[in-house]
Amino acid sequence: MWPYVIRRVLATLPVLGVVAVIVFLLLRLSPGDPAAIIAGDNASADDILAIRAQLGLDRPMLEQFLLWLGQLLRGDFGKSIYLSRPVLGLIAERVEPTLALSLSTMAFAIALAIPMGVLAAWRAGSWIDQTIMAVSVLAFSVPVFLIGYGLVIGLSLSLDLLPVQGFVSLTEDPVAFVRHLVLPTVALGLVYTALLARITRATMLETLNEDFIRTARAKGLAEPRVLILHGLKNASVPIVTTIGTGLALLIGGVVVTESVFAIPGIGRLTIEAVLQRDYPVIQGVILAIAFVYVLVNLVIDLSYTLLDPRIRY
Amino acid sequence: MATTAIAAADPAVDAVRRRPGLLRRFRRYPLPALGVLLLAALVTSAIGAPWFAGQDPFEMNVVDRLQPPSGDYWFGTDAYGRDIFSRTLHGGRVSLVIGVAVAAASTLIGLLIGVVAGYFRTADAVLMRIMDGLMAIPGILLAIALMSLTRASLWVVIVAITIPEVPRVVRLVRAVVLSVREQVYIQAATAIGTNFPRLMLKHILPNTLAPLIVQATYIAASAVLVESYLSFLGVGTPPEVPSWGNIIAEGRLYVQIAFWNILFPSVFLALMVLSINVLGDGLRDMLDPRLARRL
């Protein structure tokens with residue numbers, strides 16, 4: 001197993017390297033002078049020169065890249081042009097809301113999607129199946145802001161049940177923390193739920209056709225036991241894979257949801273940075289998120305050996 | 001298994017088997033048929049917006065600002081007294097252009113890269129690492145970053161949404177090419193001296209067609225959604241263009257007193273994405289029954 005783990009860990013390096021190159025080139029390949037873009041419309045020639053020197057844009061491309069990569073490896077993500085503070089610090093300040101929203105959404109979606117998918121596969125072709133599938137196509141297509149504002153208008157503004165927007169830290173007030181997370185979680189979670197419910201149904205359908213399911217039923221096991229212990233457990237690998245790859249979709253949704261509910265997370269940070277053309281921050285956010293994405297999918301890949309003892313490397 | 005694969009890959013056999021069944025299959029799938037009808041209605045309303053809308057989407061009637069839906073203003077008015085009905089119909093034009101352009105561009109680029117990666121083993125490793133890297137960056141985030149590089153325009157939005165979609169197409173095409181190139185009939189074609197372009201066009205590309213059409217449909221749906229997200233966030237289509245995302249972004253300020261500002265464009269957006277997705281599911285079921293069972 002260990003050689004596999006080492007190989008799998010090493011395999012993430014080229015991916016991260018390519019991400020670094022893409023993020024590096026993003027600014028350099030933009031049409032027009034990046035220093036001028038950063039400086040803004042009413043900058044003088046001196047301002048532009050100063051920014052160019054500050055970012056090292058006056059040096060050869062390869063030298064710039066190696067220099068930048070060296071800083072990255074030492075944990076230096078550069079400084080925000082607008083706030084002149086380290087990018088990593090800015091990200092750290094904003095990480096709690098984003099992490100809280102992502103985790104609660106994931107928990108919500110998994111809790112909802114897996115029973116939905118199992119039920120749909122169990123009663124494949126019935127009206128239950130068709131309803132669940134229709135609901136998930138719908139949930140997959142409805143934009144976050146329609147659900148988000150719908151919930152805000154329905155539950156917060158008219159009934160005053162939950163806060164309209166904002167975020168409260170867990171350490172500050174745990175009750176307010178949960179109350180503020182409910183609406184964004186539901187608004188964002190439906191898309192992810194739809195994705196997971198579809199894949200759960202599909203893999204369960206395949207698993208339920210296997211001989212060992214027939215055996216389990218023939219020896220008189222209760223149906224829930226057949227479905228969960230024999231069915232779901234054997235269908236778990238593709239479902240867990242989709243939880244991992246669906247993370248990209250989830251993070252994209254987080255950016256929009258943070259905007260709908262005025263949550264001061266990484267998504268808002270990114271949008272603020274884009275509007276201010278604060279490139280070091282944009283680069284830092286993309287690198288950090290791609291790193292998390294690769295890491296999560298690495299952990300998921302490695303966890304297969306736990307989920308499915310047949311997988312031995 | 002092997003014989004059916006070869007039979008299905010023969011265009012002549014396929015044509016005979018598929019064509020008569022198409023209409024009947026449509027009747028067997030009422031949901032996709034409904035999706036097509038809905039999509040046709042939305043496309044008609046978007047293309048015909050200048051004739052159906054009745055009012056200029058830019059005309060401001062400050063006296064009538066933030067009016068609720070009425071006989072004069074079917075969907076109400078926005079903060080400048082502009083007609084939301086007209087703006088929503090015109091917004092459909094933006095989404096339509098984006099959906100079609102992104103689907104076409106990402107499919108073509110992905111097809112090209114995918115064929116190269118699948119057929120030329122030396123290029124494969126490098127190309128696929130680049131695709132892996134691109135896929136590690138969430139699509140919307142990459143699009144947002146790309147939007148920051150230059151002044152916003154419809155073209156920039158199309159490019160920014162297309163780039164994150166390309167790797168998915170590449171993977172799909174590469175997988176098909178990899179499996180097809182091992183088939184006996186490809187060996188046979190090579191043995192009788194078929195040149196590379198002919199081999200590609202006649203024997204390999206036709207196999208990618210069905211999954212590509214399905215994928216292109218899903219990409220169009222995703223592109224329409226992503227454009228609205230970008231515009232909503234203020235980093236998409238230039239704000240003066242009445243796209244659904246822009247109308248919603250402006251309307252959010254008045255969500256408490258004039259919810260119709262965001263309701264109607266959001267519903268149109270949801271219906272368009274839904275109808276394209278349903279169409280995609282239907283096409284998948286019709287064109288590739290094997291996939292249908294899996295998803």
Of all the heavy-atom pairs spanning [X] and [Y], show the shortest one and how long it is.
{"X": "Phe232(B)", "Y": "Ser259(A)", "result": "CE2-CB, 3.9 Å"}
{"X": "Ser266(B)", "Y": "Phe145(A)", "result": "OG-CD1, 4.0 Å"}
{"X": "Pro143(A)", "Y": "Tyr229(B)", "result": "CA-OH, 3.4 Å"}

For Val144(A), which atoms come within 4.5 Å of any heavy atom of chain B: side chain, backbone, both, or neither? both
Side chain, backbone, both or neither of Ile22(A) within contact of chain B (heavy atoms, under 4.5 Å): side chain
Just give me the residue among [options] that pairs up with chain B most often, heavy atom to heavy atom, under 4.5 Å.
{"options": "Val256(A), Val19(A), Ile289(A)", "answer": "Val256(A)"}
{"options": "Val294(A), Val142(A), Ile286(A)", "answer": "Ile286(A)"}
{"options": "Val260(A), Leu249(A), Leu287(A), Thr245(A)", "answer": "Val260(A)"}

Heavy-atom pairs under 4.5 Å with chain A are the metric here; pick the option from [options] that has the most.
{"options": "Ser275(B), Pro265(B), Ala270(B)", "answer": "Ala270(B)"}
{"options": "Ile140(B), Val278(B), Leu274(B), Leu269(B)", "answer": "Leu274(B)"}
{"options": "Gly234(B), Ala221(B), Ala136(B)", "answer": "Ala136(B)"}

Is there a side-chain contact (heavy atoms from CB on, under 4.5 Å) between Ser141(A) and Met272(B)? Walk through the geometry before answering. CA-CA 8 Å; Ser141(A) 307; Met272(B) 183 175 271; over 6 Å; no
Kindly say whether Ser148(B) contributes a backbone atom to a donor-acceptor pair with the side chain of Arg277(A) at under 3.5 angstrom? yes
[X] portion near chain A, given a 4.5 angstrom heavy-atom threshold:
{"X": "Leu134(B)", "result": "both"}
{"X": "Ile248(B)", "result": "side chain"}
{"X": "Met131(B)", "result": "neither"}
{"X": "Ala145(B)", "result": "both"}
{"X": "Ile262(B)", "result": "side chain"}
{"X": "Leu233(B)", "result": "both"}

Is there a side-chain contact between Ile144(B) and Ile271(A), using heavy atoms and a 4.5 Å cut-off? yes
Heavy atoms, side chains only, cut-off 4.5 Å: are Arg198(A) and Asp281(B) in contact? yes
Apply side-chain contact (heavy atoms from CB on, under 4.5 Å) to the pair Leu263(B) and Leu146(A), showing each step before the final yes or no. CA-CA 7 Å; Leu263(B) 177 69; Leu146(A) 182 57; 4.3 Å; yes
Before we go on, tell me: are the rings of Phe259(B) and Tyr149(A) under 6.0 Å apart, centre to centre? no
